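Have a look at the structure below before the remarks.
Residue numbers begin at 1 in each chain, while the letters A, B, ... track the order of the sequences. Source: prediction; values computed, not measured.
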2 protein chains.
Amino acid sequence: MTVSRVVSGDGYVSEETREKVLKAVKELNYRRNGLARSLKRQFTETVGLVLGDISNPYSTELARAVRETLLEQGFNLFICISESGAKEDVIAFESLANHSVDGIIVATRSNEAGDRYLSDLVDTNVPVVAIGRDLTHKNIDFVSPDNLKGGFDATQHLIDLGHKRIAFIGANLRSGSNLKRLQGYIDALEQHDIPVDERLITGRSEGIADEVGYSTEEIGFEGMKRLLSLPDPPTAVFARNDFTAIGAMRAISEAGLKIPNDIAIVGFDDIPLAARMSPSLTTVRQPMRAEGQIAAEMLLERITGKANISRRERILDCELIVRESSGHRRQ
Amino acid sequence: MTVSRVVSGDGYVSEETREKVLKAVKELNYRRNGLARSLKRQFTETVGLVLGDISNPYSTELARAVRETLLEQGFNLFICISESGAKEDVIAFESLANHSVDGIIVATRSNEAGDRYLSDLVDTNVPVVAIGRDLTHKNIDFVSPDNLKGGFDATQHLIDLGHKRIAFIGANLRSGSNLKRLQGYIDALEQHDIPVDERLITGRSEGIADEVGYSTEEIGFEGMKRLLSLPDPPTAVFARNDFTAIGAMRAISEAGLKIPNDIAIVGFDDIPLAARMSPSLTTVRQPMRAEGQIAAEMLLERITGKANISRRERILDCELIVRESSGHRRQ
DNA sequence: TTGTAGGCGTTATCAA
DNA sequence: TTGATAACGCCTACAA
């Protein structure tokens with residue numbers, strides 16, 4: 001017990017005993033067992049963050065913002081990777097739960113088994129915040145960029161430039177955020193009485209196994225190739241994210257066409273690479289740092305707050321960043 | 001006790017009781033406490049990975065390889081970020097130690113307090129493997145790319161192309177891996193009787209606070225600007241990594257000079273962006289995935305192995321990837 | 001097939 | 001100022 005007082009640094013211990021204890025600690029290489037400590041105290045001051053595509057600068061910026069916010073409050077962050085769907089999601093949640101983290105932030109795509117596990121977790125009073133994962137539970141907070149408006153703005157921008165045949169690359173019906181971007185695209189077309197042509201909406205390519213890391217670029221590449229082989233190819237393209245846009249740009253170049261003269265293109269996210277492409281990529285900037293910070297703050301409120309908070313939702317504005325790849329107004 | 005048997009799924013339980021237990025588990029939202037379990041069992045089947053610059057694709061590829069290797073053996077991975085030196089290193093190590101991970105892989109730059117903490121950890125029998133962190137301890141394994149030979153090859157390549165005034169950008173005396181690259185550069189020059197000109201070796205710029213994220217690019221930009229202002233500027237540059245090289249390329253372009261005609265440039269790492277730059281970047285490819293995999297394997301051997309293993313070292317070959325930025329042989 | 005006892009290493013509480 | 005006791009929730013070993 002006296003040792004505990006010395007090591008924890010609180011409670012009355014005489015200077016003499018304190019020194020004796022510290023000496024013994026050194027000699028015996030004693031280290032206080034955190035598991036036992038947490039077991040007794042019932043909290044760990046640790047938060048888990050589950051990330052999907054860790055290769056995407058979007059994820060890493062998010063993680064940095066989350067971590068900074070937590071650190072200010074003395075909380076530690078453990079990041080878990082879950083790259084390929086439900087099974088890995090569950091492994092990640094389970095391992096965080098087994099370590100009794102005080103709360104979890106999820107930034108992977110929604111899936112049934114994962115959602116179920118999360119609900120169970122919340123029911124055992126583990127605070128959870130979701131970033132961009134459509135998951136409606138009365139006690140799970142939700143943070144997301146405004147994908148609907150972002151998709152709308154991107155498409156509107158292309159329409160304003162005089163385009164009528166505008167394609168969407170990388171539709172994924174299983175991803176809510178993606179679906180919102182697609183919906184924004186459709187809304188913009190309809191608002192300008194441009195018919196929605198399903199052949200101009202490409203989804204996930206058959207041959208591509210995962211949608212992780214730079215493989216999303218392949219989706220853009222393959223999708224664009226298919227669009228270019230249409231009898232009446234598009235004059236503009238809105239890609240579901242910057243990596244996909246970059247893949248599409250490669251396909252356009254390889255076909256001997258020019259951006260933006262032959263085909264204009266807009267992405268989503270504004271990863272650092274977007275500004276450096278040549279031509280530089282017009283894109284919808286997502287407030288990654290704000291998303292991370294707000295999610296962390298919400299989680300901390302749930303962790304430290306006494307009261308049971310019910311579901312809150314924060315949809316954050318995106319900003320259209322016009323660069324070279326969308327070009328000037330067509331005649 | 002019967003509950004434990006049901007939940008763990010081993011030991012004899014009658015079908016009838018099992019069902020009753022499972023029903024109660026559901027109703028009460030019971031979840032087995034992992035802390036208590038680990039406290040009793042004395043292991044967690046979890047490994048910690050401490051990463052410095054998470055924005056660098058090098059780190060994320062490493063993490064993915066580590067994770068895949070661990071997962072095969074049923075181990076989970078927790079990633080901690082330590083962006084700015086000793087203090088954060090210690091926080092990360094401490095928090096992993098408090099959660100009783102079974103082992104730690106460190107991939108941050110060496111620093112005194114961090115090294116000391118790691119040594120203490122090892123002395124309490126926590127297995128540790130270091131990636132690229134120069135840290136000599138009799139029980140800490142070491143994995144690293146061959147920075148010396150990589151630096152030599154890069155410089156040799158530029159010499160072979162006919163260059164005599166070759167600069168090094170981004171020297172950092174506190175980073176061992178960086179120092180090795182610099183040493184390789186010097187070795188190559190000396191072997192060809194080219195005098196080493198200290199003015200051609202730029203270090204860290206004053207104004208730049210951190211060396212994290214895309215800030216390393218600033219180092220390249222600032223360093224190159226200084227080199228260009230010399231009375232007798234270099235005709236070729238070897239940058240300490242790809243981000244630094246990319247920053248240097250930007251400075252060269254802004255000065256109205258052409259790569260590789262006016263100045264040739266070589267980087268280090270071969271991040272995905274290197275191949276896409278225009279001109280594409282000649283660089284020394286680092287075997288990121290192999291580094292991660294080998295580090296994870298070594299750690300698992302220490303964790304599961306009964307015997308005390310003494311320090312092992314694995315230096316992995318790098319490969320010079322010649323692209324456009326180094327150009328053709330000069331006349 | 002089920003249940004009891006003891007201990008993993010802490011800390012809260014109370015006693016000395 | 002220090003120490004004894006109990007409890008955090010689980011699992012091993014043994015008893016019923």
Side-chain angles (χ1 to χ4, degrees), chain A residues 1-46 48 74-76 93-103 120-121 123-127 303 306, chain B residues 1-46 48 74 76 93-103 120-121 123-127 303-304 306:
Chain A
M1 191 54 229
T2 300
V3 174
S4 172
R5 274 189 269 259
V6 172
V7 173
S8 300
D10 64 19
Y12 301 106
V13 185
S14 74
E15 196 47 44
E16 187 190 8
T17 341
R18 144 174 273 102
E19 274 166 21
K20 271 199 270 183
V21 170
L22 287 176
K23 184 156 159 274
V25 163
K26 267 256 147 64
E27 275 173 14
L28 302 172
N29 259 323
Y30 169 82
R31 171 183 313 288
R32 160 172 85 183
N33 184 314
L35 290 183
R37 181 178 160 86
S38 299
L39 175 60
K40 179 68 188 168
R41 304 182 76 198
Q42 308 280 42
F43 63 87
T44 56
E45 290 184 307
T46 304
F75 278 73
N76 284 112
F93 301 153
E94 202 158 32
S95 105
L96 288 170
N98 282 339
H99 283 261
S100 301
V101 294
D102 296 335
D120 288 355
L121 268 183
D123 292 341
T124 59
N125 293 315
V126 180
I303 291 173
K306 338 289 162 205
Chain B
M1 192 54 229
T2 300
V3 174
S4 172
R5 274 189 271 259
V6 172
V7 173
S8 301
D10 64 20
Y12 299 104
V13 185
S14 75
E15 196 48 42
E16 189 190 7
T17 334
R18 142 174 276 104
E19 274 167 21
K20 271 198 271 184
V21 170
L22 287 176
K23 183 156 158 274
V25 162
K26 268 254 146 69
E27 275 171 16
L28 303 172
N29 261 321
Y30 169 83
R31 174 182 310 286
R32 156 173 88 181
N33 183 315
L35 253 30
R37 181 179 159 87
S38 300
L39 176 60
K40 177 68 190 175
R41 303 179 77 197
Q42 308 279 42
F43 64 86
T44 55
E45 290 183 307
T46 304
N76 283 113
F93 301 153
E94 204 158 30
S95 106
L96 289 170
N98 282 339
H99 282 262
S100 302
V101 294
D102 295 335
D120 289 354
L121 267 184
D123 292 341
T124 59
N125 293 315
V126 180
I303 292 172
T304 56
K306 339 289 162 205

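- Contacts of residues 11-19 of chain A with DNA chain D (heavy atom under 4.0 Å): A:Tyr12, A:Val13, A:Ser14, A:Thr17.
- When the salt bridge (Lys or Arg N to Asp or Glu O under 4.0 Å) test is applied to B:Glu27, the partners found at least two apart in sequence or on another chain are B:Lys23.
- Legend: residues meeting side chain to side chain donor-acceptor pair (under 3.5 Å) with B:Ser8, ordered by chain and number and at least two apart, are B:Arg32.
- Checked against side chain to side chain donor-acceptor pair (under 3.5 Å), B:Ser38 has no partners two or more places apart in sequence or in another chain.
- Residues forming a side-chain contact (heavy atoms from CB on, under 4.5 Å) with A:Asn33 (at least two apart in sequence, or on another chain): A:Leu35, A:Ala36, B:Leu39, B:Ser100.
- In terms of the side chain to side chain donor-acceptor pair (under 3.5 Å) criterion, B:Ser4 has no residue partners (sequence neighbours excluded).
- Partners of A:Glu19 according to the side-chain contact (heavy atoms from CB on, under 4.5 Å) rule, which considers only residues two or more places apart in sequence or in another chain, are A:Glu15.
- For B:Ser14, the side chain to side chain donor-acceptor pair (under 3.5 Å) partners are B:Thr17, not counting sequence neighbours.
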Review point. How does protein reach along nucleotides 5-16 of chain D, written 5' to 3' as B (base within reach of a heavy atom under 4.0 Å), S (only sugar-phosphate), or - (no contact)?
Key: --BBBSBB----
